[in-house]
Amino acid sequence: MGQGAEGLTTGWEPDVPVDDTLLRRFLFNWVADQEAHAEAMGGRVLRRDDVAATDWGRPAGFFSCAVLLRPFAHDPGRVLDVLDTFYFGEARGTGMVVLASPWPTADLRHEGWRLMGHPPLHLRPAGGALPPFPAGLRIEAVRDVAALRAFEEVVVDGYPVEELQPFSPGALLDEQILADPRARRWVGWEGDRPVSAAAAFVAHGVVNVEFVATVPEARRRGFGEAVTWRAALAEPGLPAMLLSSDHGRSVYERMGFLPLLRWTMWYRERPPANPRMQ
């Protein structure tokens, strides 16, 4: 196993087992999740020992996301140069690019990045049972294209994903992702109307809860929390983890999620591919 100058591993050398820590498990779950979606939608993937980056080919930030796989060395410019080529070179797409780090970073504003924030990472220990759903809500797993389109619509309008509004079927997800058993999704329905959604990506011994959304007219009725429970217990024998906003963390903490640490998120905008759109 890789070791530092004093003979002690930092836990972030390339040959450290993924299951070394829960943070490392979540980090590599995140990367596998991003890569699975990018590959399903014909996007691009970059993987190095120090950074992983994907571009789903969608003009919205979290679909063009790079994540550090170890803390910045003394010269973070090498990583940033790689990301400049990947995201802003000849093969670039459009929309926002996000750089995520589980650790504090240097100030990257002089490199053209803007600080997005410091979202908290949460952990819910394994176990538990689904609580009763709110009256009038039924939750169904996404197993076909029609359900995937309902899921998309809730996420685009409820999150919201402004770059993809007004909603157009297929704008967010390609149906090819349905073939990946690690990627699981649920839609909450009120009658025949999709009102809430959540997803889970199961890999490396953790359940990564994501895409939690409720359409505006159905909020404050417990619909979002109910479908989040379904995602968090996708594999009840595994711990669930998620990144939240400060606004939403109280809901997750009520569910038993424990705040662990804060990530650091930066972003940059890419201009439209067509100069006439600028």
Side-chain angles (χ1 to χ4, degrees), residues 30 33-45 53-67 87 92-100 113-117 119 142 145-178 180 183-190 193-201 208-220 223-225 227-228 230-231 242-249 251-252 263 265-274 277:
W30 176 294
D33 184 3
Q34 292 286 324
E35 291 177 345
H37 284 81
E39 291 166 355
M41 292 182 281
R44 298 182 299 128
V45 172
T54 57
D55 188 339
W56 296 13
R58 302 294 194 268
F62 285 98
F63 313 137
S64 297
C65 181
V67 60
Y87 285 123
R92 68 172 175 83
T94 61
M96 185 170 64
V97 172
V98 172
L99 172 59
W113 295 85
R114 298 181 181 181
L115 184 64
M116 175 177 284
V142 173
V145 175
L148 183 66
R149 298 303 175 232
F151 176 92
E152 281 188 292
E153 184 174 6
V154 172
V155 172
V156 170
D157 292 339
Y159 203 73
V161 184
E162 296 179 356
E163 298 92 334
L164 300 181
Q165 290 180 327
F167 170 70
S168 175
L172 176 64
L173 296 172
D174 190 284
E175 62 193 65
Q176 297 299 321
I177 196 61
L178 291 170
D180 193 326
R184 309 177 192 181
R185 297 175 180 82
W186 294 266
V187 175
W189 295 82
E190 184 180 33
R193 183 180 64 144
V195 294
S196 61
F201 194 85
N208 177 7
V209 178
E210 58 186 354
F211 286 118
V212 177
T214 304
V215 297
E217 59 271 23
R219 291 174 184 164
R220 295 181 174 83
F223 292 172
E225 183 173 342
V227 77
T228 302
R230 189 64 190 84
L242 59 81
L243 281 170
S244 82
S245 65
D246 282 309
H247 176 74
R249 66 180 291 176
V251 174
Y252 302 122
W263 281 36
M265 311 285 277
W266 297 89
Y267 74 97
R268 286 178 64 183
E269 295 284 353
R270 292 180 294 184
N274 183 351
M277 297 175 62

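A quick note: this is a predicted structure, and the numbers were derived from the prediction, not measured.
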For Arg193, all residues meeting salt bridge (Lys or Arg N to Asp or Glu O under 4.0 Å), sequence neighbours excluded: Glu190, Glu217
Measuring from atom [atom1] of [X] to atom [atom2] of [Y], what distance do you get when rounded to the nearest 0.5 angstrom?
| X | Y | atom1 | atom2 | value |
| --- | --- | --- | --- | --- |
| Arg185 | Leu178 | CZ | CG | 7.0 Å |
| Phe63 | Asp55 | CZ | CG | 11.5 Å |
| Trp30 | Glu35 | CH2 | CD | 13.0 Å |
| Leu148 | Glu175 | CG | CD | 8.0 Å |

Enclosure of Arg114 CZ (heavy-atom neighbours >12, cutoff 6.0 Å): no
Is any side-chain heavy atom of [X] closer than 4.5 Å to a side-chain heavy atom of [Y]?
| X | Y | result |
| --- | --- | --- |
| Asn208 | Leu243 | no |
| Ile177 | Met41 | no |
| Phe167 | Leu172 | no |
| Val212 | Tyr252 | yes |
| Arg58 | Val161 | no |
| Val142 | Trp186 | no |
| Leu164 | Glu152 | no |

How close do [X] and [Y] get, counting heavy atoms only, and between which atoms?
| X | Y | result |
| --- | --- | --- |
| Ala198 | Ala231 | CB-CB, 4.0 Å |
| Val215 | Pro194 | CG1-O, 4.2 Å |
| Pro119 | Ser244 | CB-O, 3.3 Å |
| Ala213 | Val154 | O-CG1, 3.7 Å |
| Val187 | Ala150 | CG2-C, 4.4 Å |
| Trp263 | Val67 | CZ3-CG2, 4.0 Å |

Is a side-chain donor or acceptor of [X] paired with a backbone partner of [Y] at a separation under 3.5 angstrom?
| X | Y | value |
| --- | --- | --- |
| Arg219 | Thr214 | yes |
| Tyr87 | Thr54 | yes |
| Arg270 | Gly95 | yes |

Can you list the residues that meet the side-chain hydrogen bond (donor to acceptor under 3.5 Å, both in side chains) rule with [X], with sequence neighbours excluded?
| X | value |
| --- | --- |
| Glu39 | none |
| Asp174 | none |
| Trp56 | Gln34 |
| Glu210 | none |

Which residues share a ring-ring contact (aromatic ring centres under 6.0 Å, His included) with Phe151, sequence neighbours left out: Phe211
